[in-house]
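For the numbers below, each heavy atom of this structure counts, side chains included, while hydrogens, waters and symmetry mates do not.
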Amino acid sequence: MAKSRVQFICQNCGTVHTRWAGKCDACGEWNTLIEEGTSGGIGAGPASTRSARKGRAVVLTSLSGDIEDAPRIASGIGELDRATGGGFVRGSALLVGGDPGIGKSTLLTQAAAALARQGHRIVYVSGEEAVAQIRLRAQRLGAADAPVELAAETNVEDILATIAEGRRPDLLILDSIQTLWTDMADSAPGTVTQVRASAQAMIRYAKSTGAAIVLVGHVTKEGQIAGPRVVEHMVDGVLYFEGEGGHHYRILRTVKNRFGPTDEIGVFEMSDKGLREVSNPSELFLGERSTKAPGAAVFAGMEGTRPVLVEIQALVAPSPLGTPRRAVVGWDSSRLSMILAVLEAHCGIRFAQHDVYLNVAGGYRISEPAADLAVAAALVSSLTGLALPADCVYFGEISLSGAVRPVAHAQQRLKEAEKLGFGQGVLPAGSGEIAGAIATRSFQPGALVDLVAKIAGTKRSRDAD
């Protein structure tokens, strides 16, 4: 029998230490080392309980050959199927993370009910809620009549023994992975050892039987899925369920998918009846837009394969402080500082005596650099007090030299804008072949100073009138 030994494992990064220390040498976090007992070393799975055997040769093959599409189970919820790449893949493991109370269990309950009504065997195992609580949620969502099999259990061996009875489940939902524990590890539930061993056991079951499993994961205060990052590498897909508490919409964002595109999103609206699909998120983010207020520009962005139009709001006001404020919501603050520096260095616009506030309307978060041009236009509009054209969209990346660089999917962005009633656009020169009525009225500045001159020229022409 393997000798039991004590190790100290960082709960943030999973690094193993032989002795306790206040700070982890690998990730630099303080007070994250927890004492955990192991049998045969960290990561020891079923192989540690049996004698070593001689390895067997596997068949090597070439890169060329027949390719078969992954068999999928479509839930019928369009936004969920979009984020997963077309549905749940049989034999795959999916990790879903999100803030507490954001709606992860609600979404999975609706998906489980939709699949169960199609005749699939769906098993929902909760380690955080009792069966009665799940039934109450199902009644509120109108899904109580769906033949979903429920259980409240946290032991991995008991779960595997339970689902082995009867027909193999098509989808197994485990809420959450941090509550599971296995007899193969001696540490407490939620620790790095237990999370990794439990996830490994469930993924092994999915690969061997062809059942699709969904693991729900807690997130840290930084927004990352709690526990070792190795779990994210073990699964086939990672989805983040995002949303702001003051807004009624939720975004299901794909950050990893071995069977489909990444950077895809699904948009939902939270109501008292559960989550409702939002097929056109641009109308949601532009629904309460003021067309005559200065400092507002509409950005035509891309989320995966979907174009999304969102309003960027800027407020530039004289500052009574020695060091002006710079506040950003929904965008990168470092990129705002870069845009301000380019406007001062190459366009002669001074912000040193002004507070600058930037907000992405609706609580939406933008990560792509194509929003640079829309941010610059909103800043200049707010500083000059001149409202931008209400039917104009902006997109383009700004370099440190002041040049406007092309971005991908220009035609798709303009097509979405034209569908929503926009008649003109400001986009980088050299964006390739663009067609449509909106393309004939588009302005393509080669440098940021050209856009500033156009806005200032519009103001002078109005003053002259």
Undergrad: Using a 6.0 Å cut-off, check whether atom CD of Gln353 has over 12 heavy atoms from anything other than its own residue.
TA: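 Count not over threshold, so no.
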Undergrad: Among Arg82, Arg306, Lys256, Arg253, find the one that has a salt bridge (Lys or Arg N to Asp or Glu O under 4.0 Å) with Glu264.
TA: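 The option that passes is Arg82.
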Undergrad: Please report the shortest heavy-atom distance between Leu252 and Ala83, naming the atom on each side.
TA: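 That would be CD2-CB, 3.8 Å.
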Undergrad: Have Asp175 and Ser126 got a donor and an acceptor in their side chains that come within less than 3.5 Å?
TA: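 No, because no side-chain N or O of Asp175 sits under 3.5 Å from a partner of the opposite role on Ser126.
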Undergrad: Indicate yes or no: at least one non-hydrogen side-chain atom of Cys347 is less than 4.5 angstrom from one of Leu448.
TA: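 Side-chain contact under 4.5 Å: yes.
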Undergrad: Would you check if there is a donor-acceptor pair between the side chains of Glu128 and Ser176 at a distance under 3.5 Å?
TA: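 There is such a pair between these side chains.
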Undergrad: For the pair Arg335 and Glu397, evaluate salt bridge (charged side-chain N to carboxylate O under 4.0 Å, His left out) and give the outcome as yes or no after the intermediate values.
TA: CA-CA 11 Å; Arg335 202 150 190 94; Glu397 181 182 355; 3.7 Å; yes
Undergrad: For residues Lys454 and Pro445, determine if any side-chain heavy atom of one lies less than 4.5 Å from a side-chain heavy atom of the other.
TA: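 Contact flag for Lys454/Pro445 side chains = no.
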Undergrad: Atom SG of Cys392 and atom CD of Gln424: how far apart are they, to the nearest 0.5 Å?
TA: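 Taking SG in Cys392 and CD in Gln424, the distance rounds to 4.5 Å.
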Undergrad: Is there a donor-acceptor pair closer than 3.5 Å between any side-chain N or O of Thr154 and the backbone N or O of Leu180?
TA: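 No: the side chain of Thr154 does not pair with the backbone of Leu180.
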Undergrad: With rounding to the nearest 0.5 Å, note down the distance linking CE in Met202 to CE in Met234.
TA: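 Separation between the atoms: 11.5 Å.
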Undergrad: Got a second to check how far Leu107's CG is from Ile77's CD1, nearest 0.5 Å?
TA: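 If we round to the nearest 0.5 Å, Leu107:CG and Ile77:CD1 are 6.0 Å apart.
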Undergrad: Which residue is it: Asp372, Ile312, Asn359? I am looking for the one with a side chain to side chain contact (heavy atoms under 4.5 Å, CB included) to Trp331.
TA: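 With Trp331 as partner, side chain to side chain contact (heavy atoms under 4.5 Å, CB included) holds for just one option, Asp372.
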Undergrad: Can you confirm whether the side chains of Thr191 and Thr193 place a donor and an acceptor under 3.5 Å from each other?
TA: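 Their side chains do not contain a donor-acceptor pair, so the 3.5 Å distance test is not met.
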Undergrad: Would you say the side-chain atoms of Arg250 pair up with the backbone N or O of Ile102, donor to acceptor, closer than 3.5 Å?
TA: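 Indeed, once roles are kept as given, a pair shorter than 3.5 Å links the two residues.
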Undergrad: So how far is it from Leu94 CG to Leu174 CG, rounded to the nearest 0.5 Å?
TA: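 Leu94 atom CG to Leu174 atom CG measures 12.0 Å (nearest 0.5 Å).
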Undergrad: State whether the number of non-hydrogen atoms from other residues, nucleotides or ligands found under 6.0 Å of Arg117 atom CZ is greater than 12.
TA: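 Counting neighbours around CZ of Arg117, more than 12 heavy atoms of other residues, nucleotides or ligands fall under 6.0 Å, so yes.
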